[in-house]
Structures are given as structure tokens and as C-alpha cells.
Amino acid sequence: MRYWLMKSEPEAFSIDDLMKMENQTDHWDGIRNYQARNFMRDDMRVGDKILFYHSNCEEPGVVGIAEVASEAYPDFTAFKSDSKYYDPKSTEEKPRWFMVDVKFVEKFKESVSLKKIKTIPELSDMKLVQKGNRLSIMTVEKNEFDIIVNLAKTGE
DNA sequence: GCCAACGTTGGC
DNA sequence: GCCAACGTTGGC
């Protein structure tokens, strides 16, 4: 099993929004970066665990856990000319963009802020804290995943 | 709102 | 294939 971190702007789609979806599951649309797409299309498997990260907000950080709930399939928002994710270069015959379904697992009582993560030496190799990394989907090591979950539960 | 970092586009 | 211009991300 692999571990991931996926960023979302809470104003656009928060973990609370995911919780409220039918089956607490939604498709992760709008990814328009090749590296992030390749992660979803080539590497994600049903059951992989995801750190749900809120970006571009008051307190950026990991707010809970989700899991991959489907294999990748074409991101249909790219086909719709009225969608903000419309991309005329992606067609139903030759889709350029993909997405997976993501299912809610849990919301942390205490989220683990980016600020906090930066103070933990064992987390200093996370791609999240490396300079200039703007990827919205990234891999996470198992021990990093465990440390963050533990931080959420115990504060340590 | 600023701005650094980075990805993408497109002219040549 | 280079690289300048431009757009986006995301922390602060």
C-alpha cells in the first residue's frame, strides 16, 4: 500500500465537503499537472491512504485521512466547455487528464499544521516542506504518515 | 495582496 | 530545442 498527500483549498473543497458527499466519496477532479496526473493514473491503488491537506487558507495543514476508492479514469470536467477545468486538448477519445475517487476516512480532532510539521526533524524530508514544491499530489513515506497521524492524536 | 518558485506555452 | 513570457500555486 502507498501513502499520499493531496492538497485542496478548503474554500473550493474541504474535508467537511467530502464528509457530506454521498457515500462520503467524491471524484478528485481538476488536476492539470502531468506529474500529479501520473501519480493518479499509474501509481494509485484502491485502498491507498491519503493525508487530506488544506492549502491556501488560514492555517495550512493536514486535516484528516481519506483513501483511494477507484482506479483512475478520465476527468470528464476537461470535456465540458463550460467547466473551469475545460481543456480542448483532452478529448473522450484521447483523454489527457485523469482522476480517482476519494473516500473519507476520518477528520482529525486536531489538525496538524504546516507550521507544526516544519518543526519535526523526522518530517524534514517530506516533499511538502521542500522548497518550491507546488505539486498538489505527492507521495508520503509510511513512517511520515504514521508520525502525522500520531501528532493528530496525541500532539506529539 | 505580495512574491518566489515553478510549469507551460509558443516564437524562433 | 532554447528560452522569454506568462500563468499558477501557495505560504506568508
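Owing to the predicted nature of the structure, the values given are computational and were not obtained by experimental measurement. Below, all heavy atoms of this structure are taken into account, side chains as well, without hydrogens, waters or symmetry copies.
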Participant: Restricting to side chain to side chain contact (heavy atoms under 4.5 Å, CB included), what partner residues turn up for A:V105, sequence neighbours left out?
Facilitator: A:I65, A:E67
Participant: Answer with yes or no whether the hydrophobic clustering places A:V129 together with A:I148; edges join I, L, V, M, F, W, Y residues whose side-chain heavy atoms lie under 4.5 Å apart.
Facilitator: yes
Participant: Please list, by residue number, the residues of residues 82-96 of chain A whose heavy atoms come closer than 4.0 Å to an atom of DNA chain C; answer none if no residue qualifies.
Facilitator: none
Participant: Is the CD atom of A:E58 crowded by more than 12 outside heavy atoms at less than 6.0 Å?
Facilitator: no
Participant: With a 4.0 Å cut-off, would you call A:K153 and A:E106 a salt bridge?
Facilitator: yes
Participant: Please, which pairs that meet ring pair (Phe, Tyr, Trp, His ring centres under 6.0 Å) have at least one residue in residues 35-61 of chain A, sequence neighbours excluded?
Facilitator: A:W4-A:F39, A:W28-A:F52, A:F52-A:H54
Participant: Can you tell me which residue among A:R32, A:R37, A:R96 is in a salt bridge (Lys or Arg N to Asp or Glu O under 4.0 Å) with A:D75?
Facilitator: A:R32
Participant: Listed by chain and number, what are the ring pair (Phe, Tyr, Trp, His ring centres under 6.0 Å) partners of A:F76, not counting sequence neighbours?
Facilitator: A:H27
Participant: With respect to A:K7, which candidate in A:I137, A:N56, A:L135, A:L128 satisfies the side chain to side chain contact (heavy atoms under 4.5 Å, CB included) definition?
Facilitator: A:L128
Participant: Measure the CD1-NZ distance between A:I120 and A:K118 for me, rounded to the nearest 0.5 Å.
Facilitator: 13.0 Å
Participant: List in numerical order all residues of residues 122-132 of chain A for which some heavy atom is under 4.0 Å away from an atom belonging to DNA chain B.
Facilitator: A:K131, A:G132
Participant: Taking any atom under 4.0 angstrom from a heavy atom of chain A, which nucleotides of DNA chain C are the first and last to qualify, 5' to 3'?
Facilitator: C:dG7 to C:dC12
Participant: Do the charged groups of A:D16 and A:K20 touch, with an N to O distance under 4.0 Å?
Facilitator: no
Participant: Under 4.0 angstrom, heavy atoms only, what part of the nucleic acid is A:K118 near: base, sugar-phosphate, or nothing?
Facilitator: sugar-phosphate
